[in-house]
J.: 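Pasting a structure below so you can have a look.
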4 protein chains.
Amino acid sequence: MQQKKKKALPRKDRQKQYHRKQILNTALDLFSKYGYHNISMHKIAKEAEFSVGTLYNFFSDKEDLYRALITELALEFLDCMKKALGSPGDEAEKLHTYIVAKGRLFTNNIPMLRIYFSETRGSSFDAKAGLDKELRALYEKGLQQISLVFKSGMDKGLFKKLLEPYYMAIVLESITNTFLFLWLEDPQRHPYEKVEDVTRLFFENIRNHP
Amino acid sequence: MQQKKKKALPRKDRQKQYHRKQILNTALDLFSKYGYHNISMHKIAKEAEFSVGTLYNFFSDKEDLYRALITELALEFLDCMKKALGSPGDEAEKLHTYIVAKGRLFTNNIPMLRIYFSETRGSSFDAKAGLDKELRALYEKGLQQISLVFKSGMDKGLFKKLLEPYYMAIVLESITNTFLFLWLEDPQRHPYEKVEDVTRLFFENIRNHP
Amino acid sequence: MQQKKKKALPRKDRQKQYHRKQILNTALDLFSKYGYHNISMHKIAKEAEFSVGTLYNFFSDKEDLYRALITELALEFLDCMKKALGSPGDEAEKLHTYIVAKGRLFTNNIPMLRIYFSETRGSSFDAKAGLDKELRALYEKGLQQISLVFKSGMDKGLFKKLLEPYYMAIVLESITNTFLFLWLEDPQRHPYEKVEDVTRLFFENIRNHP
Amino acid sequence: MQQKKKKALPRKDRQKQYHRKQILNTALDLFSKYGYHNISMHKIAKEAEFSVGTLYNFFSDKEDLYRALITELALEFLDCMKKALGSPGDEAEKLHTYIVAKGRLFTNNIPMLRIYFSETRGSSFDAKAGLDKELRALYEKGLQQISLVFKSGMDKGLFKKLLEPYYMAIVLESITNTFLFLWLEDPQRHPYEKVEDVTRLFFENIRNHP
DNA sequence: GATGAATGAGTTTTCATTCAT
DNA sequence: GATGAATGAAAACTCATTCAT
């Protein structure tokens, strides 16, 4: 009996999760292409081959669906960052690994990148009831992790103490985002690898050379 | 008699322009606070103390109103840039003047800053019928002007030739925008002047020291 | 002094009448092309090169303008009919003259013809506040005049007494209108002169041959 | 089980069709009374006891609703004509059957009659996106059918060859429409049966008597 | 649990009409 | 008398959300 339950429920659950994922994927695709306001629940339902009612069984309203989508993307990004920053090597190597990983994550997932820009930049209106603050907190957490790497590098004497670690992190993020943005607009003209030229200069400049 | 005529017609015209400006100011305020999609024509009309009809006498539709607003702001920004980059002094001084002027322009006009972010960043959906391209072209023009200053500085041997001038411009913009963004989110914690620390490092690094 | 007045006022009056006529001509042109509901007062004003205010100095509202237009057209038609039916010759000749004159009037004035159809046919909605009844009364008056000619022709023994004169008039109108309609739709395929074939048959059939 | 399914699905469908029909009936009533431009979607919705949204679930826009209405009426009329002209008897009898059937159809359905007039007559503006041409084509098809009967009657020697069959059809239509119009305006004064007097004369005149 | 027909508040837009200059 | 800027009611249409089946 227990076995039955253990198997019975999970199967349904798995299917449910699968449907939920399908809806979120469709929503990511549509929102990233056309924007939150230009996509209706009916369009998502139709594209995902569900009925509107079903969407409302998974998410309490349109905003909730969006929030779920955004949150999952943010967590995926943070996870990628955590892995990269936890990679073996000294602080400069960790950061380099992160720059490459971030590039790979986003250039392989354009919809995610578009959403990333529309949410982290552009003073997000739409008061999606606190989504903002949630995301900002997550992003701040990410910045802190990068800051820690800079700090650790400074403490070890690897990096010069030119700026507070936090601003180091900010500048690094600012540069990588800019190159992602350029790449998104015109991948031919601005291959993401260009970022390496600039970050190399950046690291050369902050590094302590014996 | 002629004087009368000369004054009589402009008076109406001047008033009309004044009303137009009032509408645009109201729209700037509301759009920047709540976003294009969350502001209805009725709200703008009410706030500006005109009737909806009057809005439509000035602008053919909501998009046209928005476009007019954005275009005027963009031109104002470019004008500010042109003046700063044309100021006396060597290339490093010109760029410094620009950084300060940009900061002053935007920190004195928060609504303008919000619109600036929501349009230049955030992969703008809503294809406001080519507004995008128009703006991008204007922004590109601005970047070219900054690039020229870098180029001229390099030609004179003032700056090292570390990157193409265009990417120099991009990085400079990216840094100033980042600090404007930080300032907007928390002016106490991130006074715009912080930008000076980073740009000083930037210029020290690219400068040729005799 | 009196002379002055006599000349002074009439001049102004003449000009006023001229302007009024210009407005009505413009309105005829536009209404006949696009229909009452698709033409705004602003369009008429612009086309006639007056301001909206001026239109309202001549006509109390849009309906009044339309009514004035229609009424003048109706009177013009009745006048044409009266002249034709009063022409020399026997009853058959009078009616023939009328058929030709009606054709000439309308084929030379397509806008008038379109308005004629849109008002006499098509159960006129738009309750243009009794305009309907007015026009119907005028049209009925016209039908009576034609009826009288038929009656007179019957009394003289020229026409057989196959139908009441009123229905004779109705049938004659119905035939001429039909051919005008066909002509309007495709003047090449349906030249108005075709009406002669049918009316000849009609008259041969109702005529008393000695 | 199968029966259940067979009945289960159609039930919803049947209800949907029923609702659609209710909306169209209401629209017919209102449009025929007040005209297309004087009836708003809200009025139709209210009268039909649905919400506006429901109207838009059935029809993509106001024009589409109107087009659907008109097209159904036109097909109904053509069907009636086809049946009448296919009735047993010689050509004169077929045409007589048609005249009677047309009278019955329209005098039993005044709204349909009003719409019929407002669409077939009155140089229709509003270019309801080709509805015009569609209807004209349908009407032309009807005229062709009547023409064929006249032609067949002529070929058999039943009718004189006084006019091309097409114009015979036109004249017949013109007469029946005129009498329907008279009846609509004042049913007491002009009972539709009056049409018989005129058509009898018409047929006597075109018939070959041995 | 899934469905999709029904809802109606809210949005953009038009246009006849007024009235201060 | 002419002007045209301002008005605002009313129209067409959208879409997030509900709920009976």
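Throughout, a chain's letter reflects where its sequence line sits, starting with A, and its residues are numbered from 1.
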J.: Over how many whole Å does the gap from D:Asp61 atom CG to F:dA11 atom P extend?
T.: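 Atom CG in D:Asp61 sits about 17 Å away from atom P in F:dA11.
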J.: Rounded to whole angstrom units, what separation is found between the CG atom of C:Leu55 and the C1' atom of F:dG1?
T.: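 The answer, rounded to whole Å, is 14 Å.
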J.: How many whole angstroms separate atom NE2 of A:His37 from atom P of E:dT11?
T.: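 Whole-Å distance recorded here is 12 Å.
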J.: Given that C:Gly53 and C:Lys43 both sit by DNA chain E, which one's nearest nucleotide is further toward the 5' end?
T.: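 The residue closer to the strand's 5' end, by nearest nucleotide, is C:Lys43.
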J.: Grab the CD-P distance between B:Glu49 and F:dA5 for me, whole Å please.
T.: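 B:Glu49 atom CD is separated from F:dA5 atom P by 21 Å.
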J.: What is the pairing partner of F:dA20, taking Watson-Crick or G-U wobble pairs with both distances under 3.5 Å in any strand?
T.: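 When the pairing criteria are applied, E:dT3 turns out to be the nucleotide that pairs with F:dA20.
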J.: How long is the line joining CG of B:Asp13 and P of F:dG4, in whole Å?
T.: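 Distance check: B:Asp13 CG to F:dG4 P gives 11 Å.
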J.: State which residue, out of A:Ile115, A:Ile70, A:Asn38, fulfils the side-chain contact (heavy atoms from CB on, under 4.5 Å) condition with A:Phe31.
T.: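 Exactly one option meets the side-chain contact (heavy atoms from CB on, under 4.5 Å) with A:Phe31, and it is A:Ile115.
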J.: Output the single nucleotide from E:dT3, F:dA6, F:dA16 whose closest atom is nearest the side chain of A:Asn57.
T.: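 The listed nucleotide nearest to A:Asn57's side chain is E:dT3.
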J.: Does D:Ser51 make a side-chain N or O approach to OP1 or OP2 of E:dA6 shorter than 4.0 Å?
T.: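 The answer is no; no side-chain N or O of D:Ser51 sits under 4.0 Å from OP1 or OP2.
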J.: How would you label the contact of B:Ile44 with the nucleic acid (heavy atoms, under 4.0 Å): base, sugar-phosphate, or nothing?
T.: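 Nothing: the residue B:Ile44, judged by heavy atoms under 4.0 Å, touches no strand.
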J.: If only atom types and distance count, is the side chain of A:Lys33 paired as donor or acceptor with the main-chain N or O of A:Pro111 below 3.5 Å?
T.: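 Pair absent, no side-chain N/O of A:Lys33 close to backbone of A:Pro111.
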J.: For E:dT14, which nucleotide is its Watson-Crick or G-U wobble mate, given both distances must be under 3.5 Å?
T.: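 Paired with E:dT14, as far as the under-3.5 Å criterion goes, is F:dA9.
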J.: Under 3.5 Å, is there a donor-acceptor pair between the side chain of B:Thr71 and the main chain of B:Arg67?
T.: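 Side chain of B:Thr71 to backbone of B:Arg67: a pair is present.
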J.: Could you tell me how far apart C:Glu63 (CD) and E:dC15 (P) are, to the nearest whole angstrom?
T.: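 Going from C:Glu63 (CD) to E:dC15 (P), I get 17 Å.
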J.: By nearest nucleotide on DNA chain E, pick out whichever of B:Val52 and C:Ser60 is the more 5' one.
T.: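 Its nearest nucleotide lies further toward 5', so the answer is B:Val52.
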J.: Could you check whether D:Glu63 and D:Tyr36, counting side-chain N and O atoms only, form a donor-acceptor pair closer than 3.5 Å?
T.: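 The answer is no; no qualifying pair exists.
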J.: Measure from the side-chain heavy atoms of D:Tyr56 and tell me the nearest of F:dA12, E:dG1, F:dT17.
T.: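 So the nucleotide nearest the side chain must be F:dA12.
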J.: By nearest atom, which of the nucleotides E:dG10, F:dT18, F:dA11 is closest to the D:His42 side chain?
T.: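 For the D:His42 side chain, the nearest candidate turns out to be E:dG10.
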J.: Indicate yes or no: does D:Glu119 engage D:Arg114 in a salt bridge with an N to O separation below 4.0 Å.
T.: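 Judged by the 4.0 Å cut-off on N to carboxylate O distance, D:Glu119 and D:Arg114 do not form a salt bridge.
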J.: Heavy atoms from C-beta onward define the side chain here; which of F:dA6, E:dT12, E:dT7 lies closest to that of B:His19?
T.: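 Shortest atom-to-atom distance from the side chain points to F:dA6.
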J.: Kindly point out which of F:dA6, F:dA12, E:dT17 is positioned nearest to the side chain of B:Phe50?
T.: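 Nearest nucleotide to the side chain: F:dA6.
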J.: Would you indicate, yes or no, if F:dA5 has its OP1 or OP2 atom less than 4.0 angstrom from a side-chain nitrogen or oxygen of B:Thr54?
T.: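 Result: no.
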J.: Describe the nucleic acid contact of D:Phe58 in one word from base, sugar-phosphate, nothing, applying a heavy-atom distance below 4.0 Å.
T.: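 D:Phe58: backbone/sugar contact only, no base atoms under 4.0 Å.
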J.: Identify, between D:Met41 and A:Ile39, the residue whose nearest nucleotide on DNA chain F lies closer to the 5' end.
T.: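 On the 5' side of the pair lies D:Met41.
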J.: Just how far, in rounded Å, is P of E:dA6 from NZ of D:Lys16?
T.: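 Nearest whole value for this atom pair: 8 Å.
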J.: Provide, to the nearest angstrom, the distance between the CG atom belonging to B:Asp64 and the C1' atom belonging to E:dT13.
T.: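 Value for this atom pair: 13 Å.
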J.: So with a 6.0 Å cut-off around CD of C:Gln22, is the heavy-atom count from everything else above 12?
T.: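 Counting neighbours around CD of C:Gln22, more than 12 heavy atoms of other residues, nucleotides or ligands fall under 6.0 Å, so yes.
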